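Please read the structure below before turning to the comments.
Keep in mind that this is a model prediction, so the values were computed, not measured. Heads up: numbering here begins at 1 and tracks the sequence.
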Amino acid sequence: MKRGSLLVILFLLFAGKGFSQLNFGCETTTAFPKNTTPDLGIVIYTDDDETVWNAFRLATYSQSKGDTVVMFAIGKGIDPFMRDSSKFDIRSLHIKFLAAGGQIIVCGTCAQQRHTDNVNMCTIASIADLYEIVKRSKKVLTF
């Protein structure tokens with residue numbers, strides 16, 4: 001009896017860890033202005049520096065043509081925002097994009113899965129923001 005009770009307790013403790021992302025509190029955090037309709041929504045899910053660099057090149061070019069652009073990084077797509085890239089200068093394009101009025105939103109749950117809330121120059125928010133970006137953007141691209 002004691003062994004069975006102990007196993008049930010251990011199972012519940014470890015099973016709860018698998019659902020820890022539901023307890024982080026990021027799912028209701030929102031940063032995307034609900035009254036905006038971007039011309040282009042860009043979703044970053046890759047951690048490949050060259051791909052992220054090209055996404056920023058497209059984003060800054062689109063801005064230069066008068067488009068409003070918002071980016072959302074999710075999953076491994078937030079990794080390039082947490083490190084410096086020596087070959088691809090993501091940081092300078094990142095700064096240029098923000099200076100031109102762009103917005104970068106990062107999934108808070110994904111950041112917490114990586115044990116960080118320090119994602120350089122990004123707004124930490126939730127999957128609700130991704131939903132709104134996809135819903136409201138005239139076009140959505142994924143990288």
Side-chain angles (χ1 to χ4, degrees), residues 4-143:
S5 297
L6 180 60
L7 288 174
V8 168
I9 291 170
L10 287 174
F11 174 76
L12 291 174
L13 286 173
F14 288 113
K17 299 292 183 194
F19 298 103
S20 62
Q21 67 182 356
L22 300 177
N23 299 322
F24 280 143
C26 295
E27 292 306 314
T28 58
T29 304
T30 185
F32 182 66
K34 302 303 184 273
N35 60 345
T36 61
T37 55
D39 295 304
L40 183 59
I42 297 177
V43 180
I44 306 288
Y45 184 70
T46 183
D47 61 352
D48 179 68
D49 289 341
E50 183 176 13
T51 303
V52 174
W53 177 70
N54 280 314
F56 271 109
R57 289 178 58 223
L58 175 63
T60 55
Y61 180 81
S62 299
Q63 286 175 320
S64 75
K65 296 297 183 183
D67 291 337
T68 56
V69 182
V70 63
M71 298 177 98
F72 190 93
I74 189 167
K76 61 187 175 185
I78 71 170
D79 294 344
F81 297 94
M82 296 169 47
R83 66 176 181 250
D84 289 327
S85 172
S86 58
K87 187 172 182 182
F88 300 99
D89 193 4
I90 295 170
R91 188 162 189 77
S92 68
L93 284 175
H94 189 164
I95 292 168
K96 183 178 178 181
F97 175 73
L98 292 173
Q103 185 177 15
I104 302 169
I105 301 172
V106 173
C107 173
T109 302
C110 300
Q112 288 180 337
Q113 289 289 333
R114 286 160 175 74
H115 305 291
T116 186
D117 59 1
N118 183 24
V119 182
N120 299 328
M121 295 186 287
C122 300
T123 302
I124 301 290
S126 74
I127 204 78
D129 289 293
L130 176 58
Y131 169 79
E132 290 296 331
I133 290 167
V134 170
K135 180 180 174 182
R136 297 182 183 278
S137 295
K138 293 177 184 173
K139 294 179 182 97
V140 177
L141 296 173
T142 60
F143 287 85

Open item on the list: Parallel, tilted or perpendicular: which one describes the rings of Trp53 and Phe88, with boundaries at 30° and 60°?
Closed with: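 It falls in the tilted class, 30° to 60°.
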
Any side-chain heavy atom of [X] sitting closer than 4.5 Å to one from [Y]?
X: Leu40; Y: Lys138; result: no
X: Val69; Y: Phe56; result: no
X: Phe143; Y: Leu58; result: yes
X: Asp49; Y: Ile90; result: yes
X: Lys76; Y: Ile78; result: no
X: Ser137; Y: Thr37; result: no
X: Leu93; Y: Phe97; result: no

Non-hydrogen atoms of [X] and [Y] that approach each other most closely:
X: Thr46; Y: Val52; value: O-CG2, 3.7 Å
X: Val70; Y: Pro38; value: CG1-CG, 3.6 Å
X: Ile42; Y: Ala59; value: CD1-CB, 3.9 Å
X: Gly75; Y: Cys110; value: N-SG, 3.2 Å
X: Gly101; Y: Gln63; value: C-NE2, 4.0 Å
X: Ala55; Y: Ile44; value: CB-CD1, 3.6 Å

[atom1]/[X] to [atom2]/[Y] distance, rounded to the nearest 0.5 angstrom?
X: Ile127; Y: Cys107; atom1: CD1; atom2: SG; value: 5.5 Å
X: Asn35; Y: Glu132; atom1: CG; atom2: CD; value: 10.5 Å
X: Lys139; Y: Ser62; atom1: NZ; atom2: OG; value: 9.0 Å
X: Tyr61; Y: Asp67; atom1: OH; atom2: CG; value: 10.0 Å
X: Ile133; Y: Thr36; atom1: CD1; atom2: OG1; value: 8.0 Å
X: Asp89; Y: Arg57; atom1: CG; atom2: CZ; value: 12.5 Å

- [ ] Check for a donor-acceptor pair, side chain of Thr142 on one end and backbone N or O of Val43 on the other, with a separation under 3.5 Å.
- [x]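 No, because the side chain of Thr142 does not come within donor-acceptor range (under 3.5 Å) of the backbone of Val43.
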
Open item on the list: Testing the 3.5 Å rule here: is there a donor-acceptor pair between the side chains of Thr51 and Asn54?
Closed with: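 Asn54 and Thr51 do not have a side-chain donor-acceptor pair below 3.5 Å.
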
Open item on the list: Do the side chains of Arg114 and Asp79 get close enough for a salt bridge, i.e. N-O under 4.0 angstrom?
Closed with: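 Yes, charged N to carboxylate O under 4.0 Å.
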
